A.B. asks: 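If you scroll down you'll find the structure; I have some questions about it.
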There are 2 protein chains.
Amino acid sequence: MANAQPTKLKILDAAEELFAENGFSETSTRQITKKAEVNLASVNYHFGSKNELIQAVIERYLEVLVPNISKELTDLENNNPNPTLEEVFSVFIRPILSLNQQRKNGTSILLQLLGRSYTDSQRHMRRFFLGNYGDVVTRFVALVYQAQPGLSASEIFWRLHFTLGTVVFTMASSGALMDIARADFDEDIAIEGVVKRLIPFIAAGVSAPR
Amino acid sequence: MANAQPTKLKILDAAEELFAENGFSETSTRQITKKAEVNLASVNYHFGSKNELIQAVIERYLEVLVPNISKELTDLENNNPNPTLEEVFSVFIRPILSLNQQRKNGTSILLQLLGRSYTDSQRHMRRFFLGNYGDVVTRFVALVYQAQPGLSASEIFWRLHFTLGTVVFTMASSGALMDIARADFDEDIAIEGVVKRLIPFIAAGVSAPR
DNA sequence: GTAGATTTTAAACACCTGTTTTAAACTGGT
DNA sequence: ACCAGTTTAAAACAGGTGTTTAAAATCTAC
């Protein structure tokens, strides 16, 4: 069995960048293989099809992200008997920002991918996500309820989906938004700055009076 | 000049439905003309190109929506010297809901289109929007600032974009969300119910302490 | 060094894309 | 009834798509 990593990795790296920048169907296998400097046929050889490549690109991120979020949830569950909503939402901060350490612009790329895949096919994506990472979702919802016990299950459902929309949409266009903020307000913030502005917004929204 | 409306209208109706359902680049002119039961060449004859058709589909909505929002803003400006944030955001309620009267699922279609066009090409869409409807945006932002004078321009910018994400994402998937709510919580709410839950959420987010 | 499996390569495949062309069919006004 | 002007129609265009093929190159282990 020869070393199969180099080309496979080169394809994943090139594909994720093009997917995030231009979208899935706007990116052709020829663009990917050209950028990766590999042969056209190698996408189908290594991944089977373009669709399986898309899935592989997303899964490569989730495989490292979700366990990290799970660890943060465990920490909170064990060490903080009464976390605030902001503390609950903050479980995402470290895992998301640490993506930037293992891959340049990892945060922004992942969230653009998530945004694209979610608007491209919410149904498929939702099923995949709940199927593979359902327990993390459950534990997170339980913490939200604990921090805001006045909320009914249905209110939590709605407000967390509002939150999902806020995050996915914001992060998917975070690059453009940061550019505008730089131009219009002389405000040179990185992705951390966006996240730090986002958390109070969604915490206030989720805990809004009814 | 002969009556050019029928085919042009049939194309717009078919296109907007396919665009909202499957996305712009996933929808081909052949799908559109087949659904509209017109000749393939008529898209290019009547609109010039597929891109101009996309623009025409979106503009048809905005042309009726934005003037209605503008009227609501005028009402608020004239009759309510100190509106709350919730009252400011409520200027969207009537215009958006009235879309459902002139076109079945009009609300959901428009917001799916907005969501798609915004994530597909934020830059182009933003420029178009500000170029054509910039004064409505300005007046709305002024009312937000008046209701929440503590916020800086940059904070308003960020929080209104968070809000945009919440609204677009929620409305784009409102159909699926209402289905889930019905199945999981025996909660049969219509689009008005979603809007009424949305407003307190975004009002609380925009007025969050910093 | 050679045999066997794995990977890379160039070429072709079958199909779909947006758009253009050219001729035919309509239209309303005189 | 005829004649612009406008709209429709079928066909073709040039180029791009994901995928497959079959041969060449490379690698691994004996």
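Given the structure is predicted, the values throughout are model-derived calculations rather than measurements. Below, chains carry the letters A, B, ... as their sequence lines are ordered, and counting in each starts from 1.
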A.B. asks: Rounded to the nearest Å, what distance is computed from the NZ atom of residue Lys50(A) to the P atom of nucleotide dC16(C)?
C.D. replies: 16 Å
A.B. asks: Check the distance between dT19(D)'s C1' and Glu52(A)'s CD and give it to me in whole angstrom.
C.D. replies: 12 Å
A.B. asks: When the distance from CZ of Phe47(A) to P of dG18(D) is rounded to whole Å, what number comes out?
C.D. replies: 15 Å
A.B. asks: May I have the distance from Leu9(A) (atom CG) to dT7(C) (atom P), rounded to whole angstrom?
C.D. replies: 14 Å
A.B. asks: Can you tell me if Thr166(A) and Thr166(B) form a side-chain donor-acceptor pair at under 3.5 Å?
C.D. replies: yes
A.B. asks: Rounded to whole Å, how long is the line connecting atom CZ of Arg30(A) with atom P of dC16(C)?
C.D. replies: 16 Å
A.B. asks: Between Glu26(A) (CD) and dG18(C) (P), how many Å, whole number?
C.D. replies: 12 Å
A.B. asks: Any idea which of dT17(C), dT19(D), dT7(D) is nearest the His46(B) side chain?
C.D. replies: dT7(D)
A.B. asks: Does Ser49(A) make a side-chain N or O approach to OP1 or OP2 of dG18(D) shorter than 4.0 Å?
C.D. replies: no
A.B. asks: Under the side-chain hydrogen bond (donor to acceptor under 3.5 Å, both in side chains) rule, what do Ser207(B) and Arg159(B) come out as? Steps first, then yes or no, please.
C.D. replies: CA-CA 9 Å; Ser207(B) 61; Arg159(B) 291 184 175 187; over 6 Å; no
A.B. asks: With ring centroids as reference points, do Phe92(A) and Phe140(A) lie under 6.0 angstrom apart?
C.D. replies: yes
A.B. asks: Without hydrogens or angle criteria, can the side chains of Gln101(A) and Ser98(A) be said to hold a donor-acceptor pair below 3.5 Å?
C.D. replies: no
A.B. asks: For Phe169(A) together with Phe169(B), are the ring centres under 6.0 Å from each other?
C.D. replies: no
A.B. asks: Write down the distance between NZ (Lys10(A)) and P (dT7(C)), rounded to a whole number of angstrom.
C.D. replies: 14 Å
A.B. asks: Consider only side-chain N and O atoms of Thr107(B) and Asn100(B), and report whether a donor and an acceptor are under 3.5 Å apart.
C.D. replies: yes
A.B. asks: Run the numbers on Glu187(A) and Arg182(A) for salt bridge (charged side-chain N to carboxylate O under 4.0 Å, His left out), then give the verdict.
C.D. replies: CA-CA 5 Å; Glu187(A) 188 184 69; Arg182(A) 197 173 302 117; over 6 Å; no
A.B. asks: Between Asn51(A) (CG) and dT17(D) (P), how many Å, whole number?
C.D. replies: 16 Å
A.B. asks: Could you check which residues of residues 31-44 of chain B get a heavy atom under 4.0 Å from DNA chain C? Sort them by number, please.
C.D. replies: Leu40(B), Ala41(B), Asn44(B)
A.B. asks: Less than 4.0 angstrom between a side-chain N/O of Ser28(A) and OP1 or OP2 of dG16(D), yes or no?
C.D. replies: no
A.B. asks: dT19(D), OP1 or OP2 - any side-chain N/O from Thr29(A) closer than 4.0 Å?
C.D. replies: no
